[in-house]
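If you're wondering where the values come from, they're calculated on a predicted model, not measured in any experiment.
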Amino acid sequence: MIEISVIIPVYNAAEFLEKAVNSAAHFDEVKEIILAEDQSTDHSLEICKKLAFENSKVRVFQHPNGENRGAGASRNLGIDHATCDFIAFLDADDYYLPNRFDAEKKLFSDSNVEGIFGAIGTEYLTEKGKQEFESKFKEISLSTVNYPAEGEEVFRGLLSLTPKTFGTSFHLNSLTIRRNSLKQYNIRFNETLRVHQDSELILRLAYHCHLKTGIIDKAIAIRGIHDDNRITKIIRYTRQYNQRQLLLWKSMNDWAVLNRISPEYKKRIYLIYKSFDLSLKTGLSKYGNILLEVIKNPEILKTKYRFTYYNR
């Protein structure tokens, strides 16, 4: 039987935390649940301590001096303290379904497979959260990829380099990864990114590790949508949205240069990064910058991110 450490970053999640923890605790495979508390201003810390007192699987950690360092740093704190061979992640306002680790129990028998991921569903926890979400996104009953894949095909799919549309990402709640693989490739969450650290880590994992799809046709976890979800606060193709995408893809471009990845992948990452960079230019110089980039890299016109507009 595989043994799993579940890492839950905790920040102002008092209302949801107990359900999240209980959804993970009943699995025999889950040997420890690490709560990385991030200086909550509600009573989340008290709930963390209560859950640890009630269940020996639950362990609570905080940053030095109880500081607030963000979700990326909190997940890294959890990784530092994990002891099991496998690591899974769960947001404090989400929860696992009973089939969460069904694929893992079968597919990790292949030692070449380093990570498994699947599909997650959506549950509206508040009416306001539902209205905000539905006003900004198409209804998403299932967040998943479009077909089974493994190995390099996953990385190519996430970069939209496959003949068929694979999907631009998958949710961290659906990922289980070998702890040794994180250590071998020195993969950590980028703590300078306050959002999209999960997407950035998934992309780097897909490059370095042999990932494989698990259950992708039905949910293995549920994402809770409520009033305070960051995902509902930013409308696609606003300036703020593009600024955050720029930070994500700049980080990926820096990583690509540092790791000397293949020219095809390096060019693709650069073009996505540059498209968001160009979208934030203003005035007449914007069009000059676009023209120069198109002359230098005409392939930028083939990316789906080409100079995404924003509403002021």
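The aromatic rings of Phe86 and Phe108 lie tilted to each other, with the angle between the two planes from 30° to 60°. Between Phe189 and Phe89, the angle of the ring planes goes over 60°, which puts this pair in the perpendicular group of the 30/60° scheme.
Within the structure, the salt bridge (Lys or Arg N to Asp or Glu O under 4.0 Å) test picks out the following pairs touching residues 76-86 (sequence neighbours left out): Asp80-Arg188.
Hydrophobic clustering places Leu248 together with Leu280 (ILVMFWY residues linked when any side-chain heavy atoms are closer than 4.5 Å, directly or through intermediates). Follow the hydrophobic side-chain contacts under 4.5 Å out from Ile7 and you never reach Val30; the two are in separate clusters. Residues Leu159 and Val145 are members of one and the same hydrophobic cluster, defined by side-chain heavy-atom contacts under 4.5 angstrom among Ile, Leu, Val, Met, Phe, Trp and Tyr. Side-chain heavy atoms closer than 4.5 Å link hydrophobic residues (I, L, V, M, F, W, Y) into clusters, and following such links, even through other members, never connects Leu247 to Leu271. No single ILVMFWY cluster, assembled from side-chain heavy atoms under 4.5 Å apart, contains both Leu193 and Leu77.
Considering CD1 of Ile295 and CD1 of Ile300, their distance stands at 12.5 Å, rounded to 0.5 Å. Taken to the nearest 0.5 Å, the CH2 atom of Trp249 stands 9.5 Å off from the CD atom of Glu200. Separation of atoms NE2 (His210) and CD (Glu152) is listed at 11.0 Å; rounding is to 0.5 Å. Interatomic distance, CD1 of Ile220 versus CG of Leu175, reported as 9.0 Å (0.5 Å rounding). One distance of note links CG of Asn253 with OH of Tyr273; it measures 6.0 Å at 0.5 Å rounding. To the nearest 0.5 angstrom, Leu97 atom CG is 5.5 Å from Asn99 atom CG.
Across all non-hydrogen atoms, the minimal contact from Leu182 to Leu205 is CD2-CD2, 3.8 Å. Heavy-atom minimum distance, Gly118 versus Ser174: O-OG, 3.1 Å. The two residues Leu158 and Phe166 come nearest to each other via the heavy atoms N-CD2, 3.9 Å. Of all non-hydrogen atoms in Ile269 and Ala256, the two that sit nearest each other are CD1-CB, 4.2 Å. Annotation for Lys286 and Ser279: closest pair NZ-O, 3.5 Å, computed over non-hydrogen atoms. Smallest separation of non-hydrogen atoms from Thr213 and Pro148: OG1-CA, 3.3 Å.
With contacts defined as side-chain heavy-atom distances shorter than 4.5 Å, the pair Ile222/Ile120 does not qualify. No side-chain heavy atom of Ile47 sits less than 4.5 Å from a side-chain heavy atom of Val10. Between Leu201 and Leu172, some side-chain heavy-atom pair lies under the 4.5 Å cut-off. Side-chain contact between Ile87 and Ile4 is absent, with no heavy atoms from C-beta onward closer than 4.5 Å. At a threshold of 4.5 Å between non-hydrogen side-chain atoms, the residues Ile202 and Phe170 count as touching. Side-chain contact between Val6 and Phe27 is absent, with no heavy atoms from C-beta onward closer than 4.5 Å. Using a 4.5 Å cut-off on side-chain heavy atoms (C-beta onward), Asp28 and Met1 make contact. Taking 4.5 Å as the limit, some side-chain heavy atom of His171 sits within range of a side-chain heavy atom of Asp94.
Of the possible polar contacts, none joining the Asp217 side chain to the Thr144 backbone as a donor-acceptor pair under 3.5 Å is found. With hydrogens and angles disregarded, no donor-acceptor distance shorter than 3.5 Å links the side chain of Thr162 to the backbone of Arg156. Without hydrogens or angle criteria, Lys266 side chain to Ile261 main chain gives no donor-acceptor distance under 3.5 Å. Side-chain atoms of Asn65 never come within 3.5 Å of backbone atoms of Glu67 as a donor-acceptor pair (strictly under, hydrogens ignored).
By the 4.0 Å N-to-carboxylate-O rule, Glu264 lies too far from Arg268 to be salt-bridged with it. Glu123 and Arg223 are not joined by a salt bridge, as no carboxylate oxygen comes within less than 4.0 angstrom of a charged side-chain nitrogen. At a threshold of 4.0 Å, the pair Asp102-Lys106 does not count as salt-bridged, since none of the basic side-chain nitrogens sits closer than that to a carboxylate oxygen. Salt-bridge check for Glu46 with Lys50: failed, with every basic side-chain N at 4.0 Å or more from each acidic carboxylate O. Salt bridge annotation for Glu32-Arg59: present, with a cationic side-chain nitrogen under 4.0 angstrom from a carboxylate oxygen. Using a cutoff of 4.0 Å between basic side-chain nitrogens and carboxylate oxygens, Glu29 and Lys105 are scored as salt-bridged.
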What do the steps show when you test Arg204 against Tyr185 for side chain to side chain donor-acceptor pair (under 3.5 Å), and what is the final call? CA-CA 10 Å; Arg204 289 186 285 119; Tyr185 300 111; over 6 Å; no
Stepwise, does the side chain to side chain contact (heavy atoms under 4.5 Å, CB included) test hold for Asp38 with Arg69? CA-CA 7 Å; Asp38 196 26; Arg69 294 193 177 180; 4.2 Å; yes
Evaluate the side chain to side chain donor-acceptor pair (under 3.5 Å) criterion for residues Asn190 and Ser251: first the C-alpha distance (whole Å), next the side-chain angles of each, then the deciding distance (0.1 Å), finally the verdict. CA-CA 8 Å; Asn190 183 343; Ser251 178; 2.9 Å; yes
Walk me through whether Arg100 and Thr176 qualify under side chain to side chain donor-acceptor pair (under 3.5 Å). CA-CA 10 Å; Arg100 172 61 182 87; Thr176 308; 3.2 Å; yes
Glu293 vs Asn297, test: side chain to side chain contact (heavy atoms under 4.5 Å, CB included). Steps then yes/no. CA-CA 6 Å; Glu293 189 63 39; Asn297 291 303; 2.8 Å; yes
Pair His196-Gln245, side chain to side chain contact (heavy atoms under 4.5 Å, CB included): steps then yes or no: CA-CA 8 Å; His196 302 315; Gln245 288 291 321; 3.5 Å; yes
Evaluate side chain to side chain contact (heavy atoms under 4.5 Å, CB included) for Arg75 paired with Gln197, printing each intermediate quantity in order. CA-CA 10 Å; Arg75 292 184 178 116; Gln197 332 90 8; 3.3 Å; yes
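Ser44 and Asn12 share no donor-acceptor pair across their side chains, judged by distance under 3.5 Å alone.
Just one residue in the list Glu37, His63, Gln39 forms a side-chain hydrogen bond (donor to acceptor under 3.5 Å, both in side chains) with Ser74, and that residue is His63.
Surrounding CD of Glu15 are at most 12 heavy atoms belonging to other residues, nucleotides or ligands under 6.0 Å away. Atom NZ of Lys31 is surrounded by more than 12 heavy atoms from other residues, nucleotides or ligands within 6.0 Å.
Annotation: cation-pi pair Lys164/Tyr147 present, NZ/CZ under 6.0 Å from the ring centroid and within 45° of its normal.
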Side-chain donor-acceptor distances from residues 16-24 under 3.5 Å, at least two apart:
unit_1 : atom_1 : unit_2 : atom_2 : d
Asn22  : ND2    : Glu18  : O      : 3.3
Ser23  : OG     : Ala20  : O      : 2.7
Ser23  : OG     : Tyr96  : N      : 2.9

